[in-house]
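Below is one structure, written out as structure tokens; comments come after it.
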Amino acid sequence: MTLLEAATAVRENAYAPYSRFKVGAALRSTGGGVHVGCNVENVAYPEGTCAEAGAIAAMVAAGDTRIAEIVVIADSPTPVTPCGGCRQKIAEFADAAVKVTMCTVDGLAQTVTVADLLPGAFDAAQMDRA
Ligand code: THU
């Protein structure tokens, strides 16, 4: 199963009663495992947890911490772009050159790098004097 197929499949499980906007994400870790996530909303915090964050949590829970590639899909007019918080989370676990492919359910896709998504990312090296 490709990452796009995995992201498409997990998107069906999204719990998005407030936004009604279902998102699926699938990543391959450097260890080779595929991990998936969907968005999960709740009444107190309707933005809930993003699909990308879910896939990252699944990767970490499985014992891996580096993303080799990630795909995100939603039913949007243009390829769905990760929110600001997810960009930072992806950058925590991926090298700057890692590919992020953003897709729509009707077949549009755009691939960018982590550096494209979050230029000038804050990283741990900036705290070296702390
Ligand atoms: N969402 C994601 O899961 N990933 C994105 O990249 C964009 C937004 C979710 C969060 C919320 O459940 C819904 O989409 C609307 O913001």
Side-chain angles (χ1 to χ4, degrees):
M1 189 185 278
T2 66
L3 287 184
L4 177 57
E5 288 168 343
T8 300
V10 74
R11 178 180 166 272
E12 295 299 324
N13 297 335
Y15 180 78
Y18 306 107
S19 71
R20 300 199 296 170
F21 186 65
K22 293 184 164 202
V23 186
L27 67 84
R28 185 169 43 81
S29 70
T30 55
V34 172
H35 306 282
V36 297
C38 57
N39 53 329
V40 180
E41 300 177 348
N42 68 83
V43 66
Y45 302 98
E47 73 279 11
T49 304
C50 286
E52 299 90 324
I56 288 169
M59 173 185 73
V60 173
D64 212 346
T65 56
R66 299 306 295 169
I67 299 170
E69 189 182 354
I70 182 167
V71 173
V72 189
I73 188 166
D75 187 5
S76 43
T78 55
V80 60
T81 61
C83 75
C86 283
R87 292 175 194 223
Q88 190 72 54
K89 288 173 191 143
I90 293 168
E92 177 79 19
F93 297 103
D95 293 345
V98 163
K99 288 179 178 168
V100 180
T101 298
M102 307 170 296
C103 304
T104 72
V105 295
D106 44 9
L108 295 179
Q110 184 187 0
T111 299
V112 299
T113 66
V114 170
D116 292 330
L117 277 183
L118 193 61
F122 175 70
D123 64 18
Q126 293 175 37
M127 297 190 291
D128 278 354
R129 296 182 186 176

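Whatever order the structure lists ligands and atoms in, that order sets their numbers, starting from 1.
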From Ile70 atom CD1 to Ile90 atom CD1, the distance as rounded to the nearest 0.5 Å = 4.5 Å
query = Remaining members of Tyr18's ILVMFWY cluster at a side-chain heavy-atom cut-off under 4.5 Å?
reply =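 Its cluster partners, ordered by chain and number, are Val43.
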request  = Return each pair, listed once, that meets side chain to side chain donor-acceptor pair (under 3.5 Å) where at least one residue sits in residues 32-54; pairs must be two or more places apart or across chains.
outcome  = Ser19-Glu41
inquiry  = As a test of reading the model: which residues have a non-hydrogen atom less than 4.0 Å away from ligand 1?
reply    = Ser19, Phe21, Val23, Asn39, Glu41, Glu47, Cys50, Ala51, Glu52, Thr81, Pro82, Cys83
message = Please tell me whether Thr111 and Thr101 have a donor and an acceptor in their side chains that are separated by less than 3.5 angstrom.
response = yes
Side chains of residues 119-130: which donor-acceptor pairs under 3.5 Å do they make with residues two or more places apart or in other chains?
residue : atom : partner : partner atom : Å
Asp123  : OD1  : Ala125  : N            : 3.2
Gln126  : NE2  : Ala121  : O            : 3.3

key: Presence of salt bridge, Glu69 and Arg28, under 4.0 angstrom   = yes
